[in-house]
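Whatever order the structure lists them in is the order used to number ligands and atoms, beginning at 1. This structure is a prediction, so every number in the text was calculated from the model and none was measured.
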Amino acid sequence: MSEERKLEYASRLQRMIRIETVSDPGRRSPEEDFDRFRGLLRELFPALFAACVQEDAGGSILLRWRGDVSSALPVMFMNHFDVVPADGKGWTFPPFSGEIDGERLWGRGTLDDKGGVWAMMQAAEELAEEGFVPPRDIYFEIGCDEEIRGHNADAISARFHDQGKRFEMVFDEGGDIVRDPISGAKGLFAMVGVGEKSVVELKFTARSEGGHASTPDKDTPFVRLGKFMAYVDRHQIFDVEISPVVSEMLTRLSPYMKGGGKLLGKAGKAKKPIEMLKPKLGGTVGALLSTTIAFTMAGGGEAVNVIPKEAWAIADMRCSHHQGQDASIAAVTRIAKRFGLETEVITRSVSSDITDHGCRAFKLVEEAVAAVLPDVDACVPYLMTGGSDSRYFGRVCDQCIRFLPFVLEAGQLSSIHGVDEYVGLDSLEPAVDYYKYLIKNV
Ligand SMILES: [Zn+2]
């Protein structure tokens, strides 16, 4: 890759990183910053904006690029430009400095997801400059509020739905190219998201008559909450199942597995895999096999010498497709009741459909990856445990793919929503070429 092209790309993405477009409940960047960012996109991608018609999308951007064959169903490419907060503590470089150190471009949003916005638009810009006309209508949606649940994406897809408009394929952010994605699997794999677990926020409350701390009864509110959380931590309270997606993932990874990983590969094909897998039901793999629950906040009580009348804990529950939201809520509510707790659903996200990995969109991704990133050992379908805006597009599209073709080093995954987020400069050119391949071949 020419050094010149790499640096040119890096400097364009750098400008995007330097504008703080933070989405966080209560801590959203001022609207002028979002405005400045939208203005920057126009400045960086003039040919694309000239080639497209812009449609109403709230604070997001929605572009329609007219294609050759208007009878074919359109295709949607989407990414988002809002980012989660970064206070700079523990960062090697300030998170909005966009520092380039020769090998990496550092900053919040480089991976999630301004890097995706940039690569997608850069590819389209270069094609538009050449006078390219896409084979069918292509839409670009650049979201402004994905990190706070993507209300704009929801509204946009609802409008398409009301208009009776459908899309053949949707390509959104999602998995990346990672080395050794699960324990035992050695190699470089494109983790292509074909669905995502849905999120339910729950509150568990324990009540009592209160009283003075000098004469405590047994099983006061905090004790009951504690027992309940310990129980949920120690027992597999949700249904474990190897879904078709996970089975396919393990099948594709198993040629690269040794030892413990091989067990997973075998379990993927076994009739009763659960017994084989029980000892391994933690971490990444466990999250793919069942609903998970994590207790994230707790409180209650007013004084050190008073038994609280009420204590509470909040949990983030990610629901599997085989158990679903209602059944998962019922399962945990049953346990909570045993400890005398009330369960309350605070919020629920939309559930995503699962895209068939045999579909055309998945095949196109495989072709594109093979064409531009020959070092990748395999494209592997997987379920995202986090969310993306594309979950709202299930109502207008059967083939929703969640993938960004950036190559991540060990440990880089945790920088997403964490500290020291960066993108390797060597990832930039293949990412543009990946999007060009898709745009040309949809
Ligand atoms: Zn994202």
Side-chain angles (χ1 to χ4, degrees), residues 13 16-17 19-25 27-29 33-34 37-38 41 57-62 76-86 95-96 98 105-122 140-157 170-178 190-199 287 316 318 349-350 352 355 365 382-394 400-408 412-423 427-428 431 434-435:
L13 177 53
M16 294 165 68
I17 300 301
I19 300 179
E20 287 190 38
T21 47
V22 171
S23 265
D24 189 38
R27 248 200 299 174
R28 205 166 144 84
S29 296
D33 293 329
F34 282 82
F37 190 88
R38 288 182 281 261
L41 292 185
S60 301
I61 291 177
L62 182 63
M76 168 75 77
F77 288 92
M78 52 201 287
N79 280 287
H80 65 90
F81 69 92
D82 61 322
V83 297
V84 293
F96 297 98
L105 165 58
W106 299 80
R108 173 62 84 228
T110 44
L111 296 175
D112 182 16
D113 173 34
K114 286 176 178 170
V117 171
W118 165 79
M120 163 181 94
M121 297 186 82
Q122 183 68 35
F140 297 97
E141 196 256 354
I142 302 117
C144 70
D145 60 357
E146 193 273 347
E147 299 293 0
I148 44 172
R149 299 257 161 115
H151 297 291
N152 266 305
D154 189 12
I156 290 166
S157 103
V170 168
F171 297 95
D172 196 1
E173 60 156 347
D176 299 275
I177 296 170
V178 290
M191 303 305 291
V192 182
V194 292
E196 53 198 72
K197 292 173 89 177
S198 63
V199 186
D316 173 301
R318 311 257 155 158
S349 76
V350 171
S352 90
T355 293
V365 169
Y382 90 113
L383 283 178
M384 286 171 51
T385 49
S388 76
D389 270 349
S390 60
R391 67 181 170 278
Y392 299 114
F393 280 75
C400 295
I401 297 290
R402 300 150 167 93
F403 174 66
L404 263 189
F406 289 139
V407 180
L408 268 51
Q412 213 177 338
L413 261 183
S414 61
S415 75
I416 297 172
H417 291 212
V419 167
D420 271 351
E421 190 177 345
Y422 70 86
V423 64
S427 261
L428 301 180
Y434 164 87
Y435 276 109

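A ring-centre distance under 6.0 Å is found for Phe403 and Tyr434.
Counted by atom type alone, Asp112 and His80 present one or more donor-acceptor pairs between their side chains at under 3.5 Å.
Shown here for Val407 and Ser427, the closest heavy-atom pair between the two residues is N-OG, 2.9 Å. Across all their heavy atoms, Gly143 and Asp389 have their closest contact at CA-OD2, 4.4 Å.
For the Zn ion (ligand 1), the nearby protein N/O/S atoms, meaning those under 2.8 Å, are His80 NE2, Asp112 OD1, Glu173 OE1, Glu173 OE2.
Residue Ser29 forms a side-chain contact (heavy atoms from CB on, under 4.5 Å) with just one option from Asp82, Ile19, Val22, and that option is Val22.
For Arg28, the salt bridge (Lys or Arg N to Asp or Glu O under 4.0 Å) test picks out no residue, with sequence neighbours left out.
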